[in-house]
> 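Sending over a structure as structure tokens; questions will come in a sec.
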Amino acid sequence: MAQPRWKLSAEVKALTRDAHRMRPCMSTRKNNLNRRPGIYISRIRHMSEMINNEPTRSDGRRSRPVRDQVIGRIADHLAARQPGHPLRVAVDGITAAGKTTLARALAAAVADRGRPAVHLSMDGFHHPRARRHRQGRDSAIGYYQDAYDFPAFARCVLAPLGPGGDRRYRSRIIDLAGDQAIDEPPVTAPADAILVVDGSFLQRHELAGLWDEVVFADTSFPVARRRGTRRDTQLFGSCAQAEHAFDNRYHAACRRYLAEVDPAAHATIVVGNDDLDHPLLRRLGVEHTDTGQMS
């Protein structure tokens with residue numbers, strides 16, 4: 001039975017590394033020249049063939065079975081929840097952890113399972129620019145304290161979708177690019193809807209007790225920094241400026257959040273998200289109270 005792809009990929013890398021490490025010995029030990037390298041190369045080729053024997057999609061591209069399986073297991077878990085009101089799911093993580101990508105995939109997967117899905121982003125619940133930058137554009141504490149209007153988000157989204165709520169929510173309160181407040185009419189969610197929200201700092205005290213499930217995208221800082229600076233280079237004008245913003249503002253604030261809240265420990269679902277194609281499902285579900293909220 002074939003091993004999971006992520007394990008094979010790691011073993012191929014290890015074998016390749018070992019083969020390279022043997023090169024100095026090959027030049028001095030001629031007896032090994034015709035023996036050991038061939039074994040390594042044969043094993044690497046064999047496992048590469050197994051890895052490449054993935055199903056292909058109709059467009060000829062390789063499918064991503066590991067990612068699909070992880071998303072599917074989480075979606076099955078969420079779709080099975082029936083709290084008596086829309087299920088409120090946070091997708092939390094540090095900046096550039098892959099939260100939005102994960103949230104979109106989960107929303108699509110639960111919809112495929114017959115549950116109405118609503119995907120929101122905390123981008124629509126930022127404070128105005130003047131409030132966000134009042135402690136300085138590079139301030140980490142300013143980003144942590146002033147970036148998002150959590151009370152408004154709780155009032156406009158989480159409370160009405162929770163127990164006893166009228167299910168009428170607002171999808172955003174600000175046009176982030178234009179820095180303009182928005183007063184859109186509320187939308188009524190189906191009683192069995194699943195709300196998936198991606199954003200940073202979603203387990204802060206302002207939102208405590210208002211989530212039914214929390215998915216934590218557990219991504220290392222070096223990986224997230226590479227993703228984020230590559231994504232935001234054009235926004236900041238250069239890669240150096242993007243790196244400066246991540247080091248001094250975004251990730252500095254995230255380090256404070258991790259230290260104060262320990263969000264991975266309190267999440268009901270934890271996904272190792274360093275490799276977007278091969279996420280690792282590290283935790284799936286905890287005990288819930290009779291109200292459906294996290295205990």
> Does CD in Gln234 sit with more than 12 non-hydrogen atoms of other residues, nucleotides or ligands closer than 6.0 Å?
no
> Quick one: CG on Asp76 to CD on Gln69, what's the gap to the nearest 0.5 Å?
11.5 Å
> Please tell me if the side chains of Phe125 and Cys156 come closer than 4.5 Å, counting only heavy atoms from C-beta onward.
yes
> In plain terms, say whether Arg225 and Asp247 are close enough for a salt bridge, that is, a side-chain N and a carboxylate O under 4.0 Å apart.
yes
> Within this structure, what is the NE2-CG distance for the pair His244 and Asp138, rounded to the nearest 0.5 Å?
3.5 Å
> Check whether Arg168 reaches the backbone of Pro160 with its side chain - one donor and one acceptor, N or O, closer than 3.5 Å.
no
> Would Asp198 and His119 count as having a side-chain donor-acceptor pair, cut-off 3.5 Å?
yes
> About how many Å separate CD of Glu213 and CD1 of Ile74, when rounded to the nearest 0.5 Å?
10.0 Å
> Is Arg256 positioned over the aromatic face of Tyr143, cation under 6.0 angstrom from the ring centre and no more than 45 degrees off axis?
no
> Any side-chain to backbone donor/acceptor pair from Arg131 onto Asp146? Under 3.5 Å, distance only.
no
> With the side chain counted from C-beta on, respond yes when Leu102 and Ile71 share a heavy-atom pair under 4.5 Å apart, and no when they do not.
yes
> Nearest heavy-atom pair of Thr219 and Arg227: which atoms, and what distance?
CG2-NH1, 3.7 Å
> Test side-chain contact (heavy atoms from CB on, under 4.5 Å) on Gln145 and Ser139; report intermediate values, then the result.
CA-CA 10 Å; Gln145 293 178 342; Ser139 171; over 6 Å; no
> Is there side-chain contact between Ile173 and Ile182, with heavy atoms separated by less than 4.5 Å?
no
> Assess the side chains of Asp232 and Tyr250: does a donor N or O sit below 3.5 Å from an acceptor N or O?
no
> Rounded to the nearest 0.5 Å, what separation is found between the CG atom of Asp179 and the NE2 atom of His126?
10.5 Å
> Yes or no on side chain to side chain donor-acceptor pair (under 3.5 Å) for Thr229 and Glu243, after CA distance, side-chain angles and deciding distance?
CA-CA 6 Å; Thr229 54; Glu243 291 173 343; 4.9 Å; no
> Carefully, step by step, assess Val66 and Asp277 under the rule side-chain contact (heavy atoms from CB on, under 4.5 Å).
CA-CA 7 Å; Val66 175; Asp277 288 345; over 6 Å; no
> Could you check whether the rings of Tyr148 and Phe150 sit parallel, tilted or perpendicular, using 30° and 60° as the cut-offs?
tilted
> Any side-chain heavy-atom pair from Arg226 and Val223 closer than 4.5 angstrom?
yes
> Between the side chains of Arg137 and His133, is a donor N or O closer than 3.5 angstrom to an acceptor N or O?
yes
> So which heavy atom on Ala75 is nearest to which on Ala109, and how close?
CB-CB, 3.5 Å
> Compare every heavy atom of Phe216 with every heavy atom of Ala267, then report the nearest pair and how far apart it is.
CB-CB, 3.7 Å
> Does a side-chain N-to-carboxylate-O contact under 4.0 Å join Arg81 and Asp212?
no
> Could you walk me through whether Tyr169 and Leu195 pass the side-chain contact (heavy atoms from CB on, under 4.5 Å) check?
CA-CA 11 Å; Tyr169 70 94; Leu195 168 74; 5.6 Å; no
> If every non-hydrogen atom of Ala107 is compared with every non-hydrogen atom of Ala117, which pair is closest and at what distance?
O-CB, 3.3 Å
> Do Val196 and Val215 have side chains that get closer than 4.5 Å, going by heavy atoms?
no
> Under 4.5 Å between any side-chain heavy atoms of Arg132 and Leu176, yes or no?
yes
> Is it the case that atom CZ in Arg113 sees more than 12 heavy atoms from other parts of the structure closer than 6.0 Å?
yes
> Which atom names give the shortest non-hydrogen contact between Trp211 and Leu202, and what distance separates them?
NE1-O, 2.8 Å
> Is any side-chain heavy atom of Pro83 closer than 4.5 Å to one of Arg88?
no
> Are any side-chain N or O atoms of Thr188 and backbone N or O atoms of Arg167, one a donor and one an acceptor, separated by less than 3.5 Å?
no
> I need the Asp262 CG to Tyr257 OH distance, nearest 0.5 Å.
9.5 Å
> Could you label the plane-to-plane angle of the Tyr144 and Phe201 rings as parallel, tilted or perpendicular, counting under 30° as parallel and over 60° as perpendicular?
perpendicular
> Sort out for me which residue in Arg204, Gln203, His266 forms a side-chain hydrogen bond (donor to acceptor under 3.5 Å, both in side chains) with Asp92.
Gln203
> Taking all heavy atoms of His251 and all of Ile94, pick out the closest pair and write down the distance.
NE2-CD1, 4.1 Å
> Would you mind reporting whether Ile269 and Leu281 have side-chain heavy atoms less than 4.5 Å apart?
yes
> Output yes when Asp123 and Arg172 qualify as a salt bridge under the 4.0 Å nitrogen-oxygen rule, no when they do not.
no
> Roughly how far, to the nearest 0.5 Å, is CG of Leu207 from NE2 of His205?
9.0 Å
